[in-house]
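Values reported hereafter were calculated over all heavy atoms of this structure, with side chains retained and with hydrogens, waters and symmetry mates removed. Within every chain, numbering begins at 1; the chains are lettered A, B, ... in the order of the sequence lines, protein sequences first and strands thereafter.
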2 protein chains.
Amino acid sequence: MPVAARGSLAEALSLRGIRLTRQRRLLLEVLDNAPGHLNARELLQAARRTDPTIDRATVYRTLHLLKTSGLVDELDLLHLEGEEHYYERRRTGDHVHLGCPQCGTISEFETDLVTKLAQEVHRREGFTATGVRIEVRGTCKACGEAQAR
Amino acid sequence: MPVAARGSLAEALSLRGIRLTRQRRLLLEVLDNAPGHLNARELLQAARRTDPTIDRATVYRTLHLLKTSGLVDELDLLHLEGEEHYYERRRTGDHVHLGCPQCGTISEFETDLVTKLAQEVHRREGFTATGVRIEVRGTCKACGEAQAR
DNA sequence: CTGTGAATGCAACTGAGTCGCAACTACGAG
DNA sequence: CTCGTAGTTGCGACTCAGTTGCATTCACAG
Ligand SMILES: [Mn+2]
Ligand SMILES: [Mn+2]
Ligand SMILES: [Zn+2]
Ligand SMILES: [Zn+2]
């Protein structure tokens with residue numbers, strides 16, 4: 001991962017008075033390089049491939065920290081399978097998650113409706129949103145076409 | 001609760017080949033009359049006030065049934081407190097949940113953006129939504145005003 | 001009324017997430 | 001570049017939401 005990203009990460013953390021430990025750096029790196037969405041168990045497994053001594057408790061404590069710092073978002077993807085939660089680095093563009101129970105696929109969908117919703121909630125209710133989570137369950141295109149026959 | 005509602009409930013269930021047992025009727029009644037959002041433990045407690053013999057396993061099995069039948073929605077309210085999930089009867093008007101971590105209040109917000117999102121997802125992605133869950137975390141009006149001083 | 005498959009209660013189990021504590025370490029003051 | 005210390009980690013025990021197998025009970029079609 002680019003040096004710039006590392007720099008800004010250390011910055012982002014120290015700005016908040018958070019120490020940049022070996023474990024925290026590793027966990028963020030794993031999240032950055034993960035192809036999809038990881039749950040806590042998968043995150044631990046992946047991190048252990050680099051540092052076999054890292055502990056489950058550290059993963060949970062770090063996730064809590066990163067969530068409240070706004071660096072990571074927690075999803076449950078409508079619990080399509082199991083009770084776990086999933087984690088992803090917070091990005092700039094807002095996106096929504098689409099889950100298809102038939103094939104188990106989670107896809108992402110960018111839309112400005114997230115921002116629109118935050119604005120509407122503020123205008124009509126005086127509520128200042130700090131985080132919006134939108135999860136959609138349904139039939140994906142592929143499953144829909146397969147069903148049509 | 002109106003007889004009509006009861007009738008349509010029995011209908012709704014038997015249409016799907018679901019037996020209307022004493023326990024299922026009770027759990028739906030408790031959900032209907034609940035002031036706010038209940039988690040599984042609270043639902044069990046409330047139901048036990050009427051039928052002390054009802055079991056935890058029945059609550060979970062029934063919730064699963066009602067969820068997959070589309071009669072009940074599961075929320076996690078962004079897990080403002082704890083890991084539990086919350087349940088509410090599905091209504092006609094779409095609504096969104098607003099959670100304020102500072103005062104712990106959950107409020108509801110009606111908006112047609114839910115429908116708009118479902119339409120946009122279908123148009124742009126070919127994804128047919130069967131359920132949309134939108135949860136917003138932030139500072140409520142009261143807490144915002146208190147903070148301004 | 002009766003028979004039967006579905007649903008329930010019970011009790012044991014699973015596994016995600018938490019917590020207290022002793023050892024360790026990031027990092028700022030000197 | 002030390003050193004001191006508050007913050008962090010690993011560990012192991014723990015909590016508690018949710019699940020499961022099985023014997024008993026019950027809804028409801030015939
Ligand atoms: Mn995502
Ligand atoms: Mn959840
Ligand atoms: Zn699909
Ligand atoms: Zn508030």
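Side-chain N/O atoms of B:R22 include none lying less than 4.0 angstrom from OP1 or OP2 on C:dT8. Dashed line: the shortest gap from a side-chain N or O of A:T21 to OP1 or OP2 of D:dG7 is not under 4.0 Å. OP1 or OP2 of D:dG18 has at least one side-chain nitrogen or oxygen of B:H85 nearer than 4.0 Å. The phosphate of C:dG9 has OP1 or OP2 within less than 4.0 Å of a side-chain N or O from B:T58.
Under the 30°/60° scheme for interplanar angles, the aromatic rings of A:H85 and B:H85 are found to be tilted.
A salt bridge links B:R133 with A:D76: at least one charged nitrogen is closer than 4.0 Å to a carboxylate oxygen. Salt-bridge annotation for B:D73 and B:K67: absent, with no side-chain N of the basic residue lying under 4.0 Å from a carboxylate O of the acidic one.
Atom-to-atom, CG of A:L20 to C1' of C:dG28 comes out at 16 Å; the value is rounded to the nearest Å. We find that CD1 of B:I18 is positioned 21 Å from P of D:dC26, with the value rounded to whole Å. Rounded to a whole Å, the CZ atom of B:R25 is 8 Å from the P atom of D:dC28. Atom-to-atom, CG of B:L44 to P of D:dA17 comes out at 11 Å; the value is rounded to the nearest Å. Regarding A:L63, its CG atom lies at a distance of 15 Å from the P atom of D:dT8, rounded to whole Å. Taking atom CG of residue B:N39 and atom C1' of nucleotide D:dA17, one finds them 10 Å apart after rounding to whole Å. The nearest whole Å value for the distance from the CG atom in A:D51 to the C1' atom in D:dC11 is 15 Å. Atoms CG (A:L27) and P (D:dT8) sit 14 Å apart, rounded to a whole Å.
The 5' end of DNA chain C is approached more closely, in terms of each residue's nearest nucleotide, by B:L65 than by the other of A:R41 and B:L65. Each of B:Q23 and B:E84 was assigned the nucleotide of DNA chain D with the nearest heavy atom; the assignment lying further toward the 5' end belongs to B:E84.
Here CG of B:L43 is found 13.0 Å from CZ of B:R56. Values are rounded to the nearest 0.5 Å.
With distances taken from any side-chain atom of B:A40 to the nucleotides D:dA6, D:dG10, D:dG18, the minimum falls on D:dG18.
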What N/O pairs connect the protein and nucleotides 18-23 of chain C at under 3.5 Å? Give each pair on its own line.
from, atom 1, to, atom 2, distance (Å)
C:dG20, O6, A:R61, NH1, 3.4

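Closest approach of B:N39 to B:Y86, counting heavy atoms only: N-CD2, 3.7 Å.
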Candidate pair B:T115 and B:D94, rule side chain to side chain donor-acceptor pair (under 3.5 Å), full reasoning:
CA-CA 8 Å; B:T115 311; B:D94 282 322; 3.1 Å; yes

Check the pair B:E108, B:R91 against salt bridge (charged side-chain N to carboxylate O under 4.0 Å, His left out), reporting the backbone distance first and the verdict last.
CA-CA 13 Å; B:E108 302 192 335; B:R91 286 173 261 159; 3.0 Å; yes

